[in-house]
Peer 1: 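Take a look at this one; I'll ask things after.
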Amino acid sequence: MRWWKVAGLAGLAGVAATGAVIARAERRRRAYTPDEIRQKLHDRVSAAAEPATSEKNVD
């Protein structure tokens, strides 16, 4: 095989693998209910706010 054929096949394999990863992530993301997403966001906000308030009290 010529080098350009090998490079083309490697590129196609990369595109296919990337598409599979994106599809899996999308299915996982869509599996959450709106209430679960809302709760996760609230948890992230509260976790992010805790260190910021403790740093202000140190000064």
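For this chain, numbers begin at 1 and follow the sequence in order. Nothing here was measured: the structure is a model prediction, and the numbers come from that model.
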Peer 1: So, using salt bridge (Lys or Arg N to Asp or Glu O under 4.0 Å) as the criterion, who are the partners of Arg24 when residues are at least two apart?
Peer 2: none
Peer 1: Suppose we screen for side chain to side chain contact (heavy atoms under 4.5 Å, CB included). Which residues come up paired with Thr33, at least two apart in sequence or across chains?
Peer 2: Asp35, Glu36
Peer 1: Verify the cluster assignment for Leu9 and Trp3: are they in a single hydrophobic cluster under the rule of side-chain heavy atoms below 4.5 Å apart?
Peer 2: no
